[in-house]
Amino acid sequence: MKLFNALLLSFGLLLGGQVAAADIRPFSQPLFEQLQAEGAPVLVDVYADWCPVCKRQEAVLTPMLAEPAFADLTLLKLDFDSQKDELKAFGVSRQSTLILFRDGEELARVLGETDPARLRIFVEQAY
C-alpha cells in the first residue's frame, strides 16, 4: 500500500498535477498559535535526530501525510534538543512524542508509537 501511495504521488508530480499533502514545517510558537486560532488540525512531532524511534515514526508519517486526505493537516517538528521552553510548555519530557490538535484543543498524544495502523488511527482523530 505504501508503494502504491508513493507511486500515485510520484505520478501526479510527473504529470505536473498538484498533489495535496500535509504541510511539514519546523515548530515555531507564532505559527502554532496561528494554526490554533484558525482551528486547523496540527500534529506536533517532538523529535531528535539521534532518536531511532523518531526515525521510524518519520518513515511511517511522511508517506501517510502525503495522502490527499491529510492535505489540511500541518505537522510541526519540535526539536527535542534545542526547543526546551516549548517542551516544557507542552509538558513533554521525551522525544518521539506526538501531540494532535484541532480547533485549538489537544485531542490526543502518544509516545513512541511506530505501528503504521495505530499511527493512522491516531492522526485520523483530527478529522
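Heavy-atom contacts from other residues, nucleotides or ligands closer than 6.0 Å to NZ of Lys84 number more than 12.
The two residues Leu73 and Val42 have their closest heavy-atom pair at CD1-N, 4.4 Å. Smallest separation of non-hydrogen atoms from Pro26 and Leu76: O-CD2, 4.0 Å.
Using a 4.5 Å cut-off between side-chain heavy atoms of Ile, Leu, Val, Met, Phe, Trp and Tyr, with links allowed through other members, Phe32 and Leu87 fall into the same hydrophobic cluster. Residues Leu31 and Val46 fall within the same hydrophobic cluster, defined by Ile, Leu, Val, Met, Phe, Trp and Tyr side chains chained together at heavy-atom separations under 4.5 Å. Clustering ILVMFWY residues whenever any of their side-chain heavy atoms sit less than 4.5 angstrom apart, transitively, puts Val110 in the very cluster that holds Val60.
Rounding to the nearest 0.5 Å gives a distance of 11.5 Å between CD1 of Ile99 and CG of Leu107. A distance of 8.0 Å separates CD of Gln95 from CG of Leu111, quoted to the nearest 0.5 Å. To the nearest 0.5 Å, atoms CG (Leu75) and CD1 (Ile24) are separated by 5.5 Å. Atom-to-atom distance recorded for Thr114:OG1 and Leu61:CG is 10.5 Å, nearest 0.5 angstrom. With values rounded to the nearest 0.5 angstrom, Arg109 atom CZ is found 6.5 Å from Phe101 atom CZ. Glu58 contributes atom CD, which lies 10.5 Å from atom CG of Leu65 (distance to the nearest 0.5 angstrom).
Between the Gln57 side chain and the Ser96 main chain, a donor and an acceptor come within less than 3.5 Å of each other. With Lys77 contributing its side chain and Val44 its backbone, the two residues share no donor-acceptor pair below 3.5 Å. Within the 3.5 Å criterion, the main-chain N or O of Asp115 finds a donor-acceptor partner in the side chain of Glu113. Here the side chain of Glu33 pairs no donor or acceptor atom with the backbone of Pro30 at under 3.5 angstrom.
When side chains are defined from C-beta on, Glu38 counts as touching Leu35, because their heavy atoms get closer than 4.5 Å. Counting heavy atoms from C-beta outward, Pro41 and Leu100 have side chains that stay 4.5 Å or more apart.
Of the residues Phe90, Tyr47, Phe80, the one that meets the ring pair (Phe, Tyr, Trp, His ring centres under 6.0 Å) test with Phe27 is Phe90.
Within the structure, every pair that satisfies the ring pair (Phe, Tyr, Trp, His ring centres under 6.0 Å) test and touches residues 59-78, not counting sequence neighbours, is listed here: Phe70-Tyr127.
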